[in-house]
Amino acid sequence: MSDETKSAGKGAEEAEKSDFIRERVRQDLAAGRNEGRVHTRFPPEPNGYLHIGHSKAILLSYGISQEFGGQFNLRFDDTNPEKEEDEYVQAIMEDIKWLGADWEDRLYHTSDYFGQLYEWAQHLIREGKAYVCSLTEEQVREYRGTVKEAGRPSPDRDRPAEESLGLLEEMKNGEHPEGAYTLRAKIDMGHANMKMRDPLLYRIKRMPHHRTGDAWNIYPMYDYAHGQGDAIEGITHSICTLEFEVNRPLYDWFIENLPVPHAPRQIEMARLNLTYTVMSKRKLLQLVTEGHVSGWDDPRLITLRGLRRRGYTASAIATLCDRVGVAKRNSTVDFALLEWSIREELNRTADRVMAVLRPLKVVITNYPEGEVEWLEAENNPEDAARGTRKIPFSREIWIEREDFREEAPRKFFRLKPGSEVRLKHAYFITCDEVVKDDSGEVVELRCSYDPESRGGQSPDGRKVRGTLHFVEATHAVEAEVRLYDHLFREPFPEEGGDFLANLNPDSLEVLTDCKLEPGLAEAGTDYHCQFMRNGYFCVDTVDSRPGVPVFNRTATLRDSWAKLEAKGKK
RNA sequence: UGGGGCGUAGUCAAGUGGUCUAAGACACAAGGUUUUGGUCCUUGCAUCCGCAGGUUCGAAUCCUGCCGCCCCAGCCA
């Protein structure tokens with residue numbers, strides 16, 4: 001097998017990917033099927049935004065096409081003008097490009113095939129395999145039977161072909177109201193598989209389509225359109241999710257009974273689910289329209305736009321999908337795996353900078369007034385090539401409020417009265433005095449520094465357990481920082497009926513008095529960094545402005561101190 | 001006995017009769033290193049593969065029965 005394993009990211013020898021779908025592709029290739037071609041597709045319906053669940057399907061289909069030297073198509077499955085809009089088409093293409101899947105010049109629409117589909121429908125009628133049915137919607141349901149009882153044949157089942165052909169033409173031309181007729185395949189009303197009980201091929205919808213305008217008054221159903229679209233495009237492996245397993249016999253029936261140019265095969269896999277979130281389009285839409293989130297790009301959403309704004313990269317999403325694997329078992333992946341994926345990447349690539357989120361003033365009493373010195377700070381300890389930068393230091397600085405405690409447990413290695421800590425890249429300081437306001441709240445710390453400890457070196461080998469980040473006061477940049485947490489407080493928010501009841505009231509915390517080191521004032525979009533000891537952050541693409549930045553927390557750092565403390569409390 | 005699918009650690013997931021006294025990842029736990037209580041390193045984490053029988057010298061892998069979960073009765077996709 002000759003294949004250069006390329007794909008973005010990761011180390012040298014990336015193992016050849018293997019799962020039941022890729023195994024099947026290899027078998028097909030070995031058996032010489034499809035003239036040795038591999039051709040996949042992603043077929044979104046343009047009726048909503050893409051989310052992380054879709055990325056599994058996109059990356060798998062696209063990835064397979066690349067791994068086997070094949071091709072990948074994007075096809076909008078636009079057979080229902082009632083729900084579909086052009087706005088979604090643009091957004092979907094944008095998101096797929098961002099993910100890194102490339103359909104090159106093969107952008108298609110099921111609506112491109114309406115003409116061909118119509119001719120094939122006529123073919124089925126002539127063959128005695130389809131008929132125009134006049135049953136109402138309720139009657140169709142009634143005649144279909146139930147999962148345990150066979151259905152009954154429609155009274156129109158034996159309508160002469162000429163008559164069906166004529167009626168179909170009239171339906172197409174808008175001569176009948178919606179619901180008056182449908183075109184149905186003549187298969188088996190007693191079939192154990194409900195999908196095979198004379199399924200509908202066409203329904204009347206006297207409604208303009210976003211691409212074909214008012215050319216059609218009938219539109220094909222999914223089952224009739226999908227496989228034929230695959231056949232027309234020469235798709236070899238049509239990958240979809242588990243719920244379409246029962247549709248496969250029907251998919252195959254059309255391929256066998258129509259003069260299609262090619263016989264594609266459908267393969268089903270489990271969709272991606274994540275804890276602490278919802279994945280259904282309907283629920284996502286509800287969260288947006290009811291204002292539980294700010295929009296489709298709310299950083300708490302697992303839409304691709306939301307994740308992007310949150311600071312997730314396409315490669316981190318790809319890592320997640322690789323780790324999750326491909327199988328047929330319904331499963332729900334721990335959200336922690338997604339967080340691990342982005343941390344793993346950002347640890348390697350994001351520069352470390354200092355930001356104080358909840359500031360507490362520190363005055364260094366023995367530091368000369370009015371003096372500012374610039375200290376060297378390394379950008380990324382994981383990557384020396386990222387170099388260094390200069391950060392200011394002076395008599396007044398900000399530290400994190402939670403890094404000081406007047407009364408602290410012995411395991412608290414941070415600042416407390418009389419104790420010494422290191423300021424990252426700067427000096428050792430000792431807390432001499434705690435200044436409080438009338439209400440008793442700590443408003444300032446008065447400390448002294450050891451000039452010999454410049455750069456954070458211990459001058460005499462003495463140990464300091466704690467290292468704190470800080471921001472020099474006169475050069476500090478004021479910023480807004482948004483801290484995000486799970487949108488839902490339960491790992492399975494849909495359990496127990498009302499998923500909205502499980503919304504996490506603390507999923508967003510906005511901090512407006514944050515202090516950043518000066519270099520961050522002009523941080524542009526697409527900037528990812530680690531706020532030392534605070535987490536990974538990115539510039540908000542919507543609200544941030546030069547000079548008045550807004551940062552979003554992508555993910556926290558692992559925090560073994562928090563765990564320790566939590567354990568102590570219990 | 002309606003049909004279709006799936007059941008391997010807390011979560012994903014390899015495994016297709018002997019090399020399985022069952023990979024790997026996440027999570028979790030313990031220890032070490034550390035100018036991020038971050039990273040990194042070390043170690044631990046299923047005598048057992050939904051359950052019960054059976055076949056076999058030998059089974060997570062084959063057979064039988066049972067149990068559980070998911071999908072199908074849209075003129076949605």
Side-chain angles (χ1 to χ4, degrees), chain A residues 15 18-19 23 43-45 47 77 79-80 82-84 133 135-137 140-142 144-151 178-179 181-184 191-197 200-205 218-219 221-223 225-226 240-249 268 270 272 275 281 320 322-341 343-344 347-348 352 354 377-378 381-382 411-414 422-426 428 453 455-458 464-469 491 530-536 556-565:
Chain A
S18 180
D19 52 63
E23 272 321 302
E45 182 186 14
N47 70 341
D77 218 342
T79 58
N80 187 357
E82 210 168 303
K83 302 163 89 179
E84 296 149 6
C133 175
L135 254 27
T136 65
E137 196 169 342
V140 167
R141 192 175 308 129
E142 200 184 307
R144 187 152 37 212
T146 70
V147 290
K148 298 209 178 195
E149 306 158 42
E178 292 190 6
Y181 294 105
T182 57
L183 181 71
R184 303 176 67 177
H191 203 112
N193 182 342
M194 300 288 289
K195 299 286 181 195
M196 299 296 271
R197 320 243 264 225
L200 273 60
L201 272 51
Y202 277 97
R203 74 288 214 192
I204 299 173
K205 274 185 193 289
I218 56 172
Y219 292 94
M221 300 290 288
Y222 165 84
D223 285 305
H226 200 96
C240 65
T241 45
L242 251 28
E243 69 269 28
F244 290 101
E245 224 150 12
V246 290
N247 298 58
R248 178 155 30 97
E268 311 85 13
L272 172 65
T275 54
K281 274 184 189 175
L320 171 82
D322 283 346
R323 295 306 163 119
V324 165
V326 181
K328 297 194 68 162
R329 192 185 324 181
N330 288 314
S331 61
T332 303
V333 173
D334 194 336
F335 198 93
L337 189 58
L338 209 214
E339 293 185 305
W340 172 83
S341 302
R343 284 197 194 106
E344 187 271 331
N347 176 53
R348 286 182 284 111
R352 272 60 166 174
M354 297 205 279
E378 92 192 307
E382 304 293 317
K411 289 282 195 67
F412 185 83
F413 303 143
R414 285 115 95 144
R422 170 191 293 112
L423 293 176
K424 180 79 181 174
H425 303 309
F428 289 2
S453 63
Q457 307 283 356
S458 182
V464 285
R465 295 295 303 266
T467 299
L468 273 41
H469 61 280
Q530 182 194 110
F531 285 173
M532 277 220 158
R533 306 207 305 135
N534 268 319
Y536 293 103
T556 59
L557 254 26
R558 281 172 69 198
D559 189 348
S560 53
W561 164 243
K563 271 182 199 168
L564 231 186
E565 270 220 305

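Order of the sequence lines sets the chain letters (A, B, ...), proteins ahead of strands, with each chain counted from 1.
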Practice task
Verify whether one side chain among A:S18 and A:E23 offers a donor that lies under 3.5 Å from an acceptor in the other.
Solution key: yes

Problem - Syn/anti label of B:G74 as read from its glycosidic torsion, with the cut at 90° from 0 - result: syn

Problem - Complementary nucleotide for B:G65 - Watson-Crick or wobble, under 3.5 Å - result: B:C51

Practice task
Mind checking A:D223 for me? I need base, sugar-phosphate or nothing, with any heavy atom below 4.0 Å counting as a touch.
Solution key: nothing

Practice task
Using only heavy-atom distances, decide whether a donor-acceptor pair under 3.5 angstrom links the side-chain of A:E268 to the base of B:G4.
Solution key: no

Exercise for the section: With heavy atoms under 4.0 Å as the rule, sort A:R533 into base, sugar-phosphate or nothing. Expected result: base

Fill in the blank from the handout: As its Watson-Crick or G-U partner within any shown strand, both distances under 3.5 Å, B:G10 has B:C26

Exercise for the section: Sequence neighbours left out, what passes side chain to side chain contact (heavy atoms under 4.5 Å, CB included) with A:E382? Give chain and number order. Expected result: A:N347, A:R352, A:N380

Practice task
Please work out if A:E382 contacts a base, only the sugar-phosphate, or nothing of the nucleic acid, heavy-atom cut-off 4.0 Å.
Solution key: base

Exercise for the section: Take atom CZ of A:R422 and atom P of B:G38, then tell me their distance rounded to the nearest Å. Expected result: 15 Å

Practice task
Pick base, sugar-phosphate or nothing for A:Y536, based on heavy-atom distances below 4.0 Å to the nucleic acid.
Solution key: nothing

Problem - Watson-Crick or G-U counterpart of B:U1, or none if no pair lies under 3.5 Å - result: none

Problem - Length of the CG-P vector between A:D19 and B:A14, whole Å - result: 8 Å

Handout entry: Residue whose nearest RNA chain B nucleotide is more 5′ - A:I204 or A:A336
Key = A:A336

Problem - B:A60: pairing nucleotide in any strand, Watson-Crick or G-U under 3.5 angstrom - result: none

Problem - Euclidean distance, atom CZ of residue A:R203 to atom C1' of B:A77 [Å, nearest integer] - result: 9 Å

Problem - d(CD, A:E142; P, B:C75) in whole Å - result: 14 Å

Exercise for the section: Pick base, sugar-phosphate or nothing for A:T146, based on heavy-atom distances below 4.0 Å to the nucleic acid. Expected result: base

Problem - Watson-Crick/G-U partner (both atom distances under 3.5 Å) of B:U33 - result: none

